[in-house]
Amino acid sequence: MVTRKKPKETRDRFVDELDPILDGLHRTSIRLTGDAGRAEDVLQDAILKGYRFFSTFQEGTNFRAWMHRVLYTVFVNTTRDRGPRASALDSVPEPEDLTLPLAAELNRPTHVERSRAVMESVDERIKQAVGELPDELRTVFLLSTIEGLKYREIADVMGCPLGTVMSRLFRSRRMLQERLTDYAQDQGFDVEAASYGEGRPQGENS
Amino acid sequence: LKCQEYRRLLHPYLDSELEVTESLRVLEHLNVCGSCGRLFDAEERAWNRVRDVIRSEVAPAALRQEIPALLWREDRRAFWRRASTYLLPLGMAAAFLIYTMTPSPSGNPPGDPPTPEARPHAHGAAIDFTVAHFLNVQADAGSGGLITDRMLEKHAEFRRLDAKEARRVYRELLGPNAAVPPSLKCNRIQGAVSNTDFNGTPVPVLLLDLNEQEQYSLYVLNRTDADLSNLHLMPGDGVTEDLRIERCRSCYVIGVTKGEKVFILVTRPGASVDPMISLVRRTF
């Protein structure tokens, strides 16, 4: 016999499941949309949609992956409504203004303050570099490296083959590495470029 | 494997996507190959750093606090969505029934379709009483439901007749030789409606089942109590010298005059009176 759980009970269970992954969903939403206001709208829609379909979530499976799939679906649907976001890396101008605050911060008198300023600047550059990745690469990178989803789960979230996930992940990391290496070298850091090897993962032709 | 091939496994290894045996082989290699060991360490540290930076961002506290209320509002919306699916039609049906049950100032059931003629749609107090009674009973029975004793009793005084007495009244009404046709069951002669409009004369009520689905109420009036000329009925089918069948063009009432008796048949609002006329022609 099918029994309907009481709303309060379901609500509490959903909140319990959601609480530990809310930060991750918020981060992903911010990175997907590139806009804090819209990120919150997308996240709220995803939470409501997830709650509405919570009965279809199979206990024992990965709720984090399930909710990311909901979030990604909401994001894709709203993006389709609004028109595509510029996603090509080349179309994003190199941010010059970051170096200016950095230079200003470096003029601070104490060593501790200078170190913190450098680190904060690097942090900002990392965030910016991730944000500048093309949509598909950024999504795969976030879900894998940041949120710790398995490749198979990411393929499920994005509705694409496993090989495509691996390929996109490889490309996103290489792109990020190039960007951050360039930046580090510009800032005078001693950077040894890592070598991945020449091959690329199978699964995507482009 | 050569170093180059191990390095292809760098990301799957760091992402814990390798099989256990593959991971062990990579680990073994990293233990003996300083170059690969340094590369893997550097990669791990770099991506951990990126992860830490991005993960330092947390959801706004206000959003976290808002979630229970957000879900509660969603539950409330869902409740009203469900309610509108089920309750709205029920509410509309109830409103319609209340509307049709409420007598208009003219004494005419207000739920009737508009009359094609300009004259007011009324059949007179005696007929309207029978119609109102039937509508009340029908409302209790609901759409497609069968009328029960309890429903009839609820809206009028009743004197129950046993089966033998019922047959006697039936023959008295329809003639001494009248027999209940097999296809037309006289469900039961339930009793009589008391109404001062009939000068205190009990009005026999018959329930006629045309078939399993259609059920009509037949009210038998004395000619003196119900003048068909006052009924605004139009000549219908089956008019003969001793049997006049007249129908209301606007509603679900037909009048039948046979001798000194006037029969009023009422069917459900909106139903066609044609089967009822056929029934009358076969019966009388």
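Every chain is numbered from 1, with letters handed out A, B, ... down the list of sequences.
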Need one label for [X]: side chain, backbone, both or neither, based on atoms under 4.5 Å from any heavy atom in chain B.
X	answer
A/E40	side chain
A/F141	side chain
A/T145	both
A/Y51	side chain
A/L169	side chain

- Message: Counting heavy-atom pairs under 4.5 Å with chain B, which one of A/L176, A/V15, A/L22 comes out on top?
- Response: A/L22

- So do B/R7 and B/S35 actually touch side chain to side chain, heavy atoms under 4.5 Å?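 A side-chain contact exists here, since the closest heavy-atom pair is under 4.5 Å.
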
Do [Y] and [X] meet the salt-bridge criterion of a basic N to acidic O distance under 4.0 Å?
X	Y	answer
A/D45	A/K49	no
A/R138	A/E132	no
B/R49	A/D123	yes

- Query: For B/L70, is it the side chain, the backbone, both, or neither that has a heavy atom closer than 4.5 Å to a heavy atom of chain A?
  - Reply: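 Both the backbone and the side chain of B/L70 come within 4.5 Å of chain A.
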
- In terms of heavy-atom proximity below 4.5 Å to chain A, should B/R77 be classed as side chain, backbone, both, or neither?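 Contact with chain A: side chain only.
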
- Message: Let's go through A/D16 and A/R11 carefully: what are the C-alpha distance in whole Å and the side-chain angles of both, what is the deciding distance for salt bridge (charged side-chain N to carboxylate O under 4.0 Å, His left out) to 0.1 Å, and is it a yes or a no?
- Response: CA-CA 9 Å; A/D16 286 348; A/R11 245 186 350 250; over 6 Å; no

- Message: Does anything in residues 55-68 of chain B form a salt bridge (charged side-chain N to carboxylate O under 4.0 Å, His left out)? List the pairs, not counting sequence neighbours.
- Response: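 Salt bridge (charged side-chain N to carboxylate O under 4.0 Å, His left out) check on residues 55-68 of chain B returns A/D19-B/R64, A/D23-B/R64, A/R31-B/E57, A/K127-B/E57, B/E66-B/R73.
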
- Item | Pair A/R38-A/S29, side-chain hydrogen bond (donor to acceptor under 3.5 Å, both in side chains): steps then yes or no | CA-CA 8 Å; A/R38 199 181 150 218; A/S29 188; over 6 Å; no

- Query: For the candidates B/L14, B/V58, B/N48, which exhibits the highest count of non-hydrogen atom pairs separated by less than 4.5 Å from chain A?
  - Reply: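 Ranked by heavy-atom pairs under 4.5 Å with chain A, first place is B/V58.
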
